[in-house]
Each structure stands twice: as structure tokens, then as C-alpha cells.
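Beneath this line is the structure, given in C-alpha cells, with notes to follow.
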Amino acid sequence: MKQISKLILIIALFTAGCKSVTKSSGEKVNLFKGTIVYDVEVVQIVDSLYEKNKKALFGDEMYLTIFRNGDIQRKYNGASSKGYDLHYIDLEQNTVMEKYNNSDSLHTHSASAQNMVKLNSLRDDKQSLQVLDYDLQEVAIGAEAIDAKDNSRKYLTVKYWYADGLKIDETNYSNVNDDLWNYFINKSDGSLYLKYEIDYFTYKVIYTAKEILPNKFEKSKDKIGSDVPRIEN
């Protein structure tokens, strides 16, 4: 009897962090909550003093966490003192918070603001791709990145490879335009990327998933608290 009670408790704890939604097709889908760990590769295309520092900016590893309330955190490892520390999307406040390793302050902006605009869809090369035994599908676009300081624009391409087995509730992100998140989540029917490439033509950054950790959450509370200094962009 004790063993049965223990089994029921384990099942209850496992399912407590799970939620399902019914898609328009009528299919009921379990939603992912937890962390995906990615290798980060920076490819230098233009060899210049300025661009040589890009690898130090992104590091070599990124943790993408989807919290139970839908908030999203990207945590970077291996970046230099001037590189990225974290990127956090707070849905309740509709705010993006970014932090660099050399500062305790948070740079913030509205999650609805567009820092990137889609220009066109790119042709799928139809090559089969697998990551962690998942067969991937691709969404690829040409876009312009918008500089918040002077509104200047830079052309780039973005490729988003996803698997149907890892979905989140896309209705949570209807107002999140940062990095075209709402666009990609809708195009992939709520699926998270397992490989992601952003190509600025002088350099490109490639994220490839290497570990999936359901119900694993590591929120940087001390770095995004209300008492942390904020710089609004």
C-alpha cells in the first residue's frame, strides 16, 4: 500500500508542472516547461578587429528556460566580462530585461517593440536534419535588425529549426515581438527551436540543443529583482 501511495505521489509531482492545450486540429498536446541547453557556435565571416570579439559576446553555451507562468529566460555561459549574461522576458510586465557580465544593471524595453522586421521568406533547402533524435522542420526568413539607439537597420537571415514534440502555449506570446518571437512561435505552431541560426553576414551565431531538462528551472532572481537598477532603452 505504501509503494502504491509513493508511486501516486511521484506521478502527481511529475504532472504538476505539465499542462496541455487542444490545438485547432482537435489534437491535445502536452506543453513543455523546463530548460533546454544549447551549444553556441560563433562563425566569423569578416575578419576585422571589431568582429573578432563576437565569440566573447555570446560565450559557448546557452540555457533556455520556459517557466510555468510562460516567462522565458536565456542564460549565457562562457562569455567574456563584456559579454551577455542573461535575457529575460517578463510576460506580466510585457518587458524584456537584458544583462551583461560587466554590469549589475538591467537594460529594459517593451516586449512588444520590434527590434527586427521580416522582409521575406527563404526557400527551404529540404535537407533532413536531426537534433537529439528529433526530426526538425525549418522556418527561414530574411529580415532587418533595428538599432534602438539610432533606428539604423542591418540585413540578416534567421533560421529556426523545430520539432513538433516540444511545444509551448503560443497564445502567451501574442505581444512579444522581441527577436520576432511571436512570428516564429506561430509559424511553428508553438514549437521551440532545437537549432537556431542568426546570420549578420559579417558573423553568424548558431545554437544547437544538446540536452532537454523538463521541469528544471533556474531563475536568476537576484539579477532581475525590483531593486536591481534599470536602464530603459
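Keep in mind that the numbers below use all heavy atoms, side chains included, and drop hydrogens, waters and symmetry copies.
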Grouping I, L, V, M, F, W and Y whenever their side-chain heavy atoms are under 4.5 Å apart, do [X] and [Y] come out in a common cluster?
{"X": "Ile66", "Y": "Leu91", "answer": "yes"}
{"X": "Val158", "Y": "Val117", "answer": "no"}
{"X": "Val205", "Y": "Tyr196", "answer": "yes"}
{"X": "Leu119", "Y": "Leu156", "answer": "no"}
{"X": "Val42", "Y": "Met62", "answer": "yes"}

Can you name the closest pair of heavy atoms from [X] and [Y] and give their distance?
{"X": "Asp169", "Y": "Leu31", "value": "CB-CD1, 3.7 Å"}
{"X": "Leu122", "Y": "Gly142", "value": "CG-N, 3.8 Å"}
{"X": "Ile36", "Y": "Leu166", "value": "CD1-CD1, 4.3 Å"}
{"X": "Ile198", "Y": "Met116", "value": "CD1-CE, 4.0 Å"}
{"X": "Val96", "Y": "Ala111", "value": "CG2-CA, 3.8 Å"}
{"X": "Arg123", "Y": "Glu138", "value": "O-OE2, 4.4 Å"}

Expected output: side-chain [X] to main-chain [Y] donor-acceptor under 3.5 Å:
{"X": "Ser103", "Y": "Tyr100", "result": "no"}
{"X": "Arg230", "Y": "Ile224", "result": "yes"}
{"X": "Gln73", "Y": "Ser220", "result": "yes"}
{"X": "Thr95", "Y": "Gln93", "result": "yes"}
{"X": "Asn172", "Y": "Gly70", "result": "no"}

Tyr84 ring center near Phe58 ring center (under 6.0 Å): yes
Verdict with reasoning, Phe32 to Leu192, per side chain to side chain contact (heavy atoms under 4.5 Å, CB included): CA-CA 9 Å; Phe32 177 80; Leu192 293 168; 3.7 Å; yes
Min side-chain heavy-atom separation [X]-[Y] under 4.5 Å:
{"X": "Lys223", "Y": "Val228", "value": "no"}
{"X": "Ile141", "Y": "Tyr183", "value": "yes"}
{"X": "Val176", "Y": "Ile89", "value": "yes"}
{"X": "Thr202", "Y": "Lys154", "value": "yes"}

In this structure, are over 12 heavy atoms from other groups packed under 6.0 Å from [X] atom [atom1]?
{"X": "Lys216", "atom1": "NZ", "answer": "no"}
{"X": "Asp104", "atom1": "CG", "answer": "no"}
{"X": "Lys82", "atom1": "NZ", "answer": "no"}
{"X": "Gln114", "atom1": "CD", "answer": "yes"}

Pair Lys195 + Glu197, salt bridge at N-O below 4.0 Å: no
Carboxylate-amine/guanidinium contact Lys75 Asp85, below 4.0 Å: yes
Do [X] and [Y] pair up side chain to side chain, a donor and an acceptor below 3.5 Å, judged on atom types alone?
{"X": "Asn182", "Y": "Asn186", "answer": "yes"}
{"X": "Asn69", "Y": "Glu92", "answer": "no"}
{"X": "Thr35", "Y": "Thr65", "answer": "yes"}

Of all pairs that satisfy salt bridge (Lys or Arg N to Asp or Glu O under 4.0 Å), the ones with a partner from residues 177-186, not counting sequence neighbours: Arg74-Asp179
Tabulate below the donor-acceptor pairs under 3.5 Å that side-chain atoms of residues 127-136 make, not counting sequence neighbours, or state none.
{"residue": "Gln130", "atom": "NE2", "partner": "Asp135", "partner atom": "OD1", "Å": "2.8"}

Aromatic ring pairing Tyr207/Tyr193, orientation class (parallel under 30°, perpendicular over 60°, tilted between): tilted
Geometric class of the Tyr160/Tyr162 ring pair [parallel <30°, tilted 30-60°, perpendicular >60°]: tilted
Nearest-0.5 Å distance that lies between atom OG in Ser80 and atom NZ in Lys54: 11.0 Å
Inter-residue atom distance His109.NE2 - Met97.CE, 0.5 Å rounding: 10.5 Å
Evaluation steps, salt bridge (Lys or Arg N to Asp or Glu O under 4.0 Å), between Glu41 and Lys55: CA-CA 8 Å; Glu41 179 187 5; Lys55 184 172 181 59; over 6 Å; no
Full working for side chain to side chain contact (heavy atoms under 4.5 Å, CB included) between Arg153 and Asp147: CA-CA 6 Å; Arg153 302 195 175 205; Asp147 191 308; over 6 Å; no
Chi angles and distances behind the side chain to side chain contact (heavy atoms under 4.5 Å, CB included) call for Tyr88, Asp71: CA-CA 7 Å; Tyr88 193 96; Asp71 285 1; 2.9 Å; yes
Full working for side chain to side chain contact (heavy atoms under 4.5 Å, CB included) between Phe217 and Lys33: CA-CA 8 Å; Phe217 307 101; Lys33 305 292 182 182; 3.9 Å; yes
